[in-house]
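The chains referred to below are lettered A, B, ... by the order of the sequence lines, with proteins before strands, and numbering in each begins at 1. Below, each value reflects all heavy atoms present in this structure, side chains not excepted, and no hydrogens, waters or symmetry copies. Worth saying up front: this structure is predicted, and the values here are computed from it rather than measured.
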2 protein chains.
Amino acid sequence: MIRPTIKQLSYLSAIHQHGSFIKAAEECAVTQSTLSAGIKELETILGQPLVLRGRKAANLTPFGLETVESAEKILEDTDRIVARSRLLNQPLSGPLRLGIIPTIAPYMLPEILPVLTEKFPRLELQLHEELTDRLLESLRKSQLDLLLLAFPYDTPDMNQYILFEEKFYAAAAEHAGPVENSINIKDLKPEELLLLEDGHCLRDHALSACDLQLPKTRKTFSATSLPTLIQMVKTGYGITLLPEMACTPETIPPGIRLLPFTDKRPPTRQIGLCWRRSDPRKRDYETLAGTLKTYTPA
Amino acid sequence: MIRPTIKQLSYLSAIHQHGSFIKAAEECAVTQSTLSAGIKELETILGQPLVLRGRKAANLTPFGLETVESAEKILEDTDRIVARSRLLNQPLSGPLRLGIIPTIAPYMLPEILPVLTEKFPRLELQLHEELTDRLLESLRKSQLDLLLLAFPYDTPDMNQYILFEEKFYAAAAEHAGPVENSINIKDLKPEELLLLEDGHCLRDHALSACDLQLPKTRKTFSATSLPTLIQMVKTGYGITLLPEMACTPETIPPGIRLLPFTDKRPPTRQIGLCWRRSDPRKRDYETLAGTLKTYTPA
DNA sequence: TTTTAATATCGAAAAAATCGATACTAAATA
DNA sequence: TATTTAGTATCGATTTTTTCGATATTAAAA
């Protein structure tokens, strides 16, 4: 389909506004002959006269009026695109689709979002909370731009940027677990360890951090979220590992003991960002990382 | 302000739809290199990456998604202009701003509009009822396209096209006026002649058709519309001249006598069209005139 | 490492847009 | 009626832009 050009439409609009080819040409910063030819071309494309050339003024035909109305809408829309781009030309402006896993989002976001909105007021974060695998899938399909994940995790074709490392704490009910107020990795008994359900990276991180492998026959509850897990611990079903960021008074109810690990190399997970290697906005993401690093768990 | 071109926007849309430069180029009927350069140019204009080039697919950045949304709106609007023009490429299609004087409109329109809409179903008449002078002023300013007037009338810079001539009848109350059922021009007495108020061409046509000049001192009622005038006649204030098209049973109530003129050259007015000499749609107007001619008053 | 499948780039050719000058046109004026 | 005037249209030359075809580049897959 052959279409009018934006330039032609702007010529028509200028004529409508000024009622004269000459003045319109001036506004469009072209010669009158150029504008004249442009309008003629437009009239040819549309197969209709658009401009009524009078001695004193150039007015529009009814169809010309209809057309100029659409044309001005089109010009406005086009200019809006440009204006928007101007706004976003500063770094870390505009929409950014950020994926976060459930074992980070509720703890880190309330702390870090206010900082981000203050530091990058033009940033328009679109948050998506999902399990790591789904997030990576979306990232691969370019439906997301940036992920906030827990590592180690295999993320093919992606850049990883580690922000910080956080310790795990063991959580036990008031009268369960060891007598002391601390714990050692080797004291963990796999059969009493409570975990999130499969798919949560926290599950795997906890296990591997403690160098544990679950017996395949194990049949026990798996929780769908950390709050649920904590409730299970409190009820005395067993003990669990919690990342430090989840160890806040709001998250840990009374009746739960938090036990630090006394090992030389205590269990940890790493928190970091992840984006497509091919994404041209690496610089933006690194800037963002700089701010996210200021967050310290607990 | 430098603007993206419609072509560039269509490239972006094609990439969004096909997820690939190559397929998009195919759809746009250009080579991949052309499309690639076009997108690059667009990204330069906007100062931002729009497309995330992946191995398997080309996806859009968040700003690209925003932009493509506007772009597709713009493309639709543009295509709508073209589609509309296609529709109107047949003669006598689309909007036509027609001005009509009050002493024609209510009599001719009910007869002629149904015929027009049947014969030119795509014609979109916009009717404007005003006195001749105002209509001519609007016509001059290209705010109207075509006038349906009564002649003779001086219409500088305009084309006149006479459709037909219609006779005047004298209207008198049942027991007023001459004894016979007809009348002669010279029987009209200026002092008992009722007229429309100043500005109505009918007033001047009636006077000149009867070769009358009003005494400057004359102080009498002037009616603002023909129905009012007829009521005044019925009430016995005097007699008046009515154009034939106004002499229908719906217009003339009982108690009014319509008297034909017996003169060799009875008083008449002419009905015709009028448009700017420079208007390129002369052919359309003449076609229209052909149909309007089929109307016969009364 | 090679192959593959995509996008980017380059130089030449083609197309178009633009300009400046001039022709044309109709109204206003002399 | 001829001339002036004030607008738009047109023309040829030039410049700019677009496009193409070929090739380079890139990164994943084999």
Side-chain angles (χ1 to χ4, degrees), chain A residues 2-12 14-16 18-26 28-45 49-61 64 140-142 155-159 276-280 282, chain B residues 2-12 14-16 18-26 28-45 49-61 64 140-142 154-159 275-280 282:
Chain A
I2 181 164
R3 295 195 176 101
T5 68
I6 292 214
K7 212 177 288 181
Q8 288 162 356
L9 297 179
S10 74
Y11 290 170
L12 185 67
I15 285 188
H16 180 231
H18 292 99
S20 146
F21 280 59
I22 289 179
K23 283 185 208 146
E26 199 174 327
C28 297
V30 295
T31 60
Q32 171 264 320
S33 81
T34 296
L35 190 121
S36 197
I39 292 293
K40 191 184 166 193
E41 168 75 10
L42 186 57
E43 288 179 320
T44 304
I45 290 174
L50 296 166
V51 181
L52 298 162
R53 285 88 163 161
R55 274 311 92 202
K56 316 204 139 160
N59 290 284
L60 302 192
T61 62
R140 206 171 306 121
K141 290 198 265 179
S142 291
T155 59
D157 307 342
M158 305 301 168
N159 267 2
R276 282 180 306 281
R277 270 215 278 281
S278 59
D279 194 313
K282 188 180 177 193
Chain B
I2 179 163
R3 296 194 176 101
T5 68
I6 294 222
K7 212 178 287 178
Q8 287 161 356
L9 296 179
S10 75
Y11 290 169
L12 185 68
I15 284 188
H16 180 231
H18 292 98
S20 143
F21 279 61
I22 290 180
K23 281 186 208 145
E26 199 174 326
C28 297
V30 294
T31 60
Q32 171 263 320
S33 83
T34 296
L35 189 121
S36 196
I39 292 293
K40 192 183 164 193
E41 168 75 8
L42 186 57
E43 288 179 322
T44 302
I45 291 174
L50 296 165
V51 182
L52 297 162
R53 285 86 162 162
R55 277 309 92 201
K56 315 203 140 158
N59 290 285
L60 301 192
T61 63
R140 206 171 306 121
K141 292 198 265 178
S142 292
D154 187 34
T155 59
D157 309 342
M158 307 297 168
N159 266 2
W275 61 84
R276 283 179 305 281
R277 270 216 279 280
S278 57
D279 194 314
K282 189 179 177 192

Integer-rounded Å distance: [N] [atom2] and [X] [atom1]:
X         : N       : atom1 : atom2 : value
Arg140(A) : dA27(D) : CZ    : C1'   : 16 Å
Leu12(A)  : dT8(D)  : CG    : P     : 14 Å
Arg53(A)  : dA23(C) : CZ    : P     : 21 Å
Arg276(A) : dA6(C)  : CZ    : C1'   : 16 Å
Leu35(B)  : dT19(D) : CG    : P     : 10 Å
Ile39(A)  : dA17(C) : CD1   : P     : 14 Å
Lys23(B)  : dT7(C)  : NZ    : P     : 9 Å
Asp279(B) : dA26(C) : CG    : C1'   : 16 Å

Checking contacts here: which listed nucleotide ([options]) is nearest the side-chain heavy atoms of [X]?
X        : options                   : value
Ser36(A) : dT18(D), dT10(D), dG20(C) : dT10(D)
Lys7(B)  : dT18(D), dA9(D), dC19(C)  : dT18(D)
Ala58(B) : dT7(C), dA28(D), dA22(D)  : dT7(C)
Thr34(A) : dT18(C), dT7(C), dC20(D)  : dT18(C)
Ile22(B) : dG20(C), dA6(C), dT18(C)  : dA6(C)
Ser33(A) : dC11(D), dC20(D), dT9(C)  : dC11(D)
Ser20(B) : dC20(D), dT9(C), dT7(C)   : dT7(C)

## Note on the structure
Contacts of Phe21(B) and Arg277(B) projected onto DNA chain C by closest heavy atom; the upstream (5') one is Phe21(B)
### Message
Assess the residue pair Asn159(A) and Asp279(A) against the criterion (side-chain contact (heavy atoms from CB on, under 4.5 Å)); give the C-alpha distance rounded to whole Å, side-chain angles, the decisive distance to 0.1 Å, and a yes or no.
### Response
CA-CA 9 Å; Asn159(A) 267 2; Asp279(A) 194 313; over 6 Å; no
### Query
With distance as the sole test, does Ser10(B) use its side chain to make a donor-acceptor pair with the main-chain N or O of Lys7(B) at under 3.5 Å?
yes
### Query
Any sub-3.5 Å donor-acceptor pair from Glu43(B)'s side-chain atoms to Leu50(B)'s backbone N or O?
yes
### Query
Out of curiosity, Asn59(A) CG to His16(A) NE2, how far, rounded to the nearest 0.5 Å?
8.5 Å
### Task
List the steps, then state whether side-chain contact (heavy atoms from CB on, under 4.5 Å) holds for Arg276(A) with Met158(A).
CA-CA 4 Å; Arg276(A) 282 180 306 281; Met158(A) 305 301 168; 3.8 Å; yes
### Message
Is there, by distance only and without an angle test, a donor paired with an acceptor across the side chain of Gln32(A) and the base of dA9(D) below 3.5 Å?
### Response
yes
### Query
Between dT7(C) and Lys40(B), is there an OP1 or OP2 to side-chain N/O distance shorter than 4.0 Å?
no
### Task
May I ask you to evaluate whether Tyr11(A) reaches the phosphate of dT18(C), defined as a side-chain N or O under 4.0 Å from OP1 or OP2?
yes
